[in-house]
Amino acid sequence: MATKCRRSRTKFTEEQLKILIDAFNKKPYPGYAIKQRLALEVNTEESRIQIWFQNRRARHNFLKRPEKNLDLRQDRAYPEENIQGVRDRRCRTSYTSSQLQTLMNAFMENPYPGVDSREQLAEDIGVPESRVQIWFQNRRSRLHIQKKREPEEASAQRQNQGQDL
DNA sequence: TCTAATCTCATCAAAAGCATTTTGATGAGCCCATTAGA
């Protein structure tokens with residue numbers, strides 16, 4: 001059986017889009033509480049709201065701000081308090097050692113799991129699929145950084161050993 | 001073709017343990033990120 005790699009596209013209705021656009025015009029950087037409320041209002045997941053705002057900001061920045069070094073955050077219409085809903089972030093997820101072990105095993109098997117695998121993992125460890133996606137993103141990113149650093153650290157170590165002699 | 005979904009990379013910030021490290025959450029993307037489903 002073929003596994004699904006990508007989540008199927010969400011199709012927002014005109015009514016849903018109206019709600020989202022209104023919210024975006026008021027606050028292009030909504031906090032977690034607002035995103036949750038919007039998710040309830042348009043009957044979707046909070047993670048879909050987050051993606052919609054990310055894509056909307058990207059398009060909005062491009063259409064409205066062709067000049068370099070200008071973005072929504074520097075727009076007078078969007079003062080500091082509108083950014084991040086005054087730092088209203090989702091509560092940090094803390095994983096147990098067994099949850100981490102499951103994630104690590106899955107990562108070693110496939111660092112780019114499709115939506116089906118992520119959903120299965122999410123069910124197995126009892127967290128939302130969106131958290132599994134974020135965990136894999138962070139894990140891949142930090143592995144790349146670590147791999148880039150390794151040659152530098154090795155050469156620094158060789159230099160130190162040379163000085164010691 | 002439009003735009004939701006996904007990616008990497010940089011950064012913020014909470015938690016664990018006492019100044020610093022680890023790592024989850026969030027945002028941008030600039031010859032204006034790329035990919036791909038409806």
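Spacing of P atoms, B/dT35 relative to B/dC12, comes out at 29 Å, to the nearest Å. One P atom belongs to B/dG27, the other to B/dC32, and the distance between them is 24 Å to the nearest Å. The gap from the C1' atom of B/dT34 to that of B/dG29 amounts to 10 Å, rounded to the nearest Å. For B/dA4 and B/dG24, the C1' atoms lie 24 Å apart once the distance is rounded to whole Å. Comparing B/dA10 with B/dC30, their P atoms are spaced 12 Å from each other, to the whole Å. Rounded to a whole angstrom, the distance from the P atom of B/dA36 to that of B/dT8 is 14 Å. Spacing between B/dT22 and B/dC18 at atom P, rounded to whole Å, works out to 13 Å.
Surrounding CG of A/Asn43 are at most 12 heavy atoms belonging to other residues, nucleotides or ligands under 6.0 Å away.
Taking the ring centre of A/Tyr29 as origin, the terminal cationic atom of A/Arg57 falls inside the region bounded by 6.0 Å and 45° from the ring axis.
In this structure, the side-chain contact (heavy atoms from CB on, under 4.5 Å) partners of A/Arg139, at least two apart in sequence or on a different chain, are A/Met104, A/Phe107, A/Trp135.
With hydrogens and angles left out, the side chain of A/Arg59 and the base of B/dT3 share no donor-acceptor pair within 3.5 Å.
Across all strands, A/Arg7 comes closer than 4.0 Å only to sugar-phosphate atoms, never to a base (heavy-atom distances). Among the protein residues, A/Ser8 comes within range of the sugar-phosphate backbone only, with heavy atoms under 4.0 Å from sugar or phosphate atoms but none that close to a base. Counting any heavy atom pair closer than 4.0 Å across all strands shown, A/Arg90 reaches sugar-phosphate atoms only and no base atom.
Residues A/Trp52 and A/Arg6 each lie close to DNA chain B; by heavy-atom proximity, the contact nearer the 5' end of the strand is made by A/Trp52. Between A/Ala58 and A/Arg118, the one whose closest nucleotide on DNA chain B sits nearer the 5' end is A/Arg118.
Dashed line: the shortest gap from a side-chain N or O of A/Thr93 to OP1 or OP2 of B/dA25 is under 4.0 Å.
If you take CD1 of A/Ile51 and P of B/dC2, they are 21 Å apart, rounded to a whole angstrom. Look at CG on A/Asn55: it is 11 Å from P on B/dA28, rounded to the nearest Å. Nucleotide B/dA5 holds its P atom 12 Å from the NZ atom of A/Lys11, rounded to whole Å.
Shown for residues 125-142 of chain A: residues whose heavy atoms fall under 4.0 angstrom of DNA chain B, namely A/Arg131, A/Gln133, A/Ile134, A/Trp135, A/Gln137, A/Asn138, A/Arg140, A/Ser141, A/Arg142.
Donor-acceptor pairing under 3.5 Å is lacking for the side chains of A/Asp116 and A/Gln120.
Looking at A/Arg48, its side chain never comes within 3.5 Å of a backbone N or O of A/Thr10 through a donor-acceptor pair.
Contact check on A/Asp22 versus A/Lys18 returns a salt bridge, with a Lys/Arg side-chain nitrogen under 4.0 Å from an Asp/Glu carboxylate oxygen.
Chaining together hydrophobic side chains whose heavy atoms lie under 4.5 Å apart leaves A/Ile51 on its own.
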